[in-house]
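The structure appears below as structure tokens.
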Amino acid sequence: MRPFLLFAFLSCTAVTAVAQQVINVDKDEYNAGNFYYNIGGEPVVKAKFIRLVEGTPFYVDQWQKSTIITPQGKVVKDIQVKLDLMDGKLHYLDAKGTEYIASTHITEVVLNDSVNNKDFRFLSSFGLPLLKEGWYVPLVQGPASLYKLFDKSLREDKPYGSALTEQKIITKERYVVVYNNQAFYLKNDKEVSTVLADKKGEVESFMKAQNKKQSHQEKLVETIKYYNTLAIKPS
């Protein structure tokens, strides 16, 4: 592996703006040039999805400017990246515009969507030891925390009459509750009250009274926030 020029501490190791926490990007800020002398990267294997006809392994296919936060709290701005949600990796462009896969750890990636004027924050499982490898969107954090995961899987089919196999990447949105030092990957809404068993009755009543027009994610966010208000009340 040859040394490549980008920022330090990138990782190998998903989405709404409402869930973001405020990041002090002025603290310990590094510009990209400070990192160009420290990073290693892996070459990209282009042949992996040569017959891909649907879907993408990335959050979005386009290169996006990002803000990178390292485990040491260092902040790097304006790095062009693609977030690979299938393999849990980060693709980046070096100073010459060559694509590589980051080979060292980071904690967070904030994708800057300049078109919609929104930022999308992803946390690496490197900093979330209870969770499976990948990138997670923090939605609620507290006594009970809620994360969103874009679960991607590869399907290969051979169309009728064709000698070639087509590839499709299927994306499913999943939600994870971290509570009592355990991670629960939810299969359905009913599991929420079972996970939060100490307030099961209150949680079930709250969920039954929710607005049916709300999205699945909005209901989960409201429920976990409601539980946290109960959890922090003095007994």
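In what follows, every heavy atom counts, from backbone to side chain, and hydrogens, waters and symmetry copies are set aside.
The pair Glu166-Lys158 does not count as a salt bridge, with every side-chain nitrogen at least 4.0 angstrom from each carboxylate oxygen. Using a 4.0 Å cut-off between charged side-chain N and carboxylate O, Asp113 and Lys118 make no salt bridge. Remark: Asp157 engages Arg155 in a salt bridge, criterion side-chain N to carboxylate O under 4.0 Å.
With sequence neighbours left out, the salt bridge (Lys or Arg N to Asp or Glu O under 4.0 Å) criterion links Asp189 to no other residue. With sequence neighbours excluded, the residues that form a side-chain contact (heavy atoms from CB on, under 4.5 Å) with Glu156 are Arg51, Leu154, Thr165, Gln167. For Thr229, there are no side chain to side chain donor-acceptor pair (under 3.5 Å) partners at least two apart in sequence or on another chain. With sequence neighbours excluded, no residue satisfies salt bridge (Lys or Arg N to Asp or Glu O under 4.0 Å) with Asp198. The side-chain contact (heavy atoms from CB on, under 4.5 Å) test applied to Asn117 returns no partner, not counting sequence neighbours. Taking Thr171 as the reference, Lys152 meet the side chain to side chain donor-acceptor pair (under 3.5 Å) condition, with sequence neighbours excluded. Take Thr56 and apply the side chain to side chain donor-acceptor pair (under 3.5 Å) test, not counting sequence neighbours, and it matches Asp61. Legend: residues meeting side-chain contact (heavy atoms from CB on, under 4.5 Å) with Gln210, ordered by chain and number and at least two apart, are Phe206, Met207, Gln214, Lys219, Glu222, Thr223. By the side-chain contact (heavy atoms from CB on, under 4.5 Å) test, Ser153 is found to be paired with Ile170, residues two or more places apart in sequence or in another chain being considered.
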Stepwise, does the salt bridge (charged side-chain N to carboxylate O under 4.0 Å, His left out) test hold for Asp151 with Arg174?
-> CA-CA 7 Å; Asp151 189 10; Arg174 298 185 63 189; 3.8 Å; yes

Check the pair Trp135, Leu123 against side chain to side chain contact (heavy atoms under 4.5 Å, CB included), reporting the backbone distance first and the verdict last.
-> CA-CA 6 Å; Trp135 295 99; Leu123 302 183; over 6 Å; no

Gln64 and Asn112: CA distance, side-chain angles, deciding distance, side chain to side chain contact (heavy atoms under 4.5 Å, CB included) verdict | CA-CA 7 Å; Gln64 292 182 290; Asn112 312 133; over 6 Å; no

Apply the test side chain to side chain contact (heavy atoms under 4.5 Å, CB included) to residues Leu111 and Phe122: give CA-CA distance (whole Å), side-chain angles for both, the deciding distance (0.1 Å), then the verdict.
-> CA-CA 8 Å; Leu111 300 177; Phe122 289 81; 3.9 Å; yes

Go through Leu220 and Leu139 one step at a time and tell me if the side chain to side chain contact (heavy atoms under 4.5 Å, CB included) criterion holds.
-> CA-CA 9 Å; Leu220 287 177; Leu139 298 175; over 6 Å; no

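At least one donor-acceptor pair under 3.5 Å links the side chain of Ser125 to the backbone N or O of Gly134. Proximity of a side-chain donor or acceptor of Ser193 to a complementary backbone N or O of Lys190 within less than 3.5 Å is detected. For Asp94 (side chain) and Lys96 (main-chain N/O), a donor-acceptor pair under 3.5 Å exists by modelled atom type.
Heavy atoms only, all atoms of each residue included: Lys168 and Val53 are closest at CG-CG2, 3.9 Å. In this structure, Gln141 and Tyr147 approach most closely via the heavy-atom pair NE2-OH, 3.4 Å. Across all their heavy atoms, Pro57 and Leu52 have their closest contact at CD-CD2, 4.4 Å. Taking each heavy atom of Asp84 and Asp87 in turn, the nearest pair found is OD1-N, 3.0 Å. Contact between Ile68 and Val109 at its shortest, heavy atoms only, is CD1-CG2, 3.9 Å. Of all non-hydrogen atoms in Ala144 and Ile224, the two that sit nearest each other are O-CG2, 3.4 Å.
Sorted by first then second residue, the ring-ring contact (aromatic ring centres under 6.0 Å, His included) pairs that include residues 161-195, not counting sequence neighbours, are Tyr175-His216, Tyr179-Tyr227. Note on residues 204-217: no pairs pass salt bridge (Lys or Arg N to Asp or Glu O under 4.0 Å), not counting sequence neighbours. Legend: ring-ring contact (aromatic ring centres under 6.0 Å, His included) pairs involving residues 64-85, not counting sequence neighbours: none detected.
Considering OH of Tyr226 and CD of Glu202, their distance stands at 6.0 Å, rounded to 0.5 Å.
Criterion: ILVMFWY side-chain heavy atoms under 4.5 Å apart, direct or through other members. Under it, Phe58 and Tyr136 are not part of a common hydrophobic cluster.
Residues Gln80 and Lys65 have side chains that never bring a donor and an acceptor to within less than 3.5 angstrom of each other.
Between Ser124 and Thr107 the shortest side-chain heavy-atom distance does not fall below 4.5 Å.
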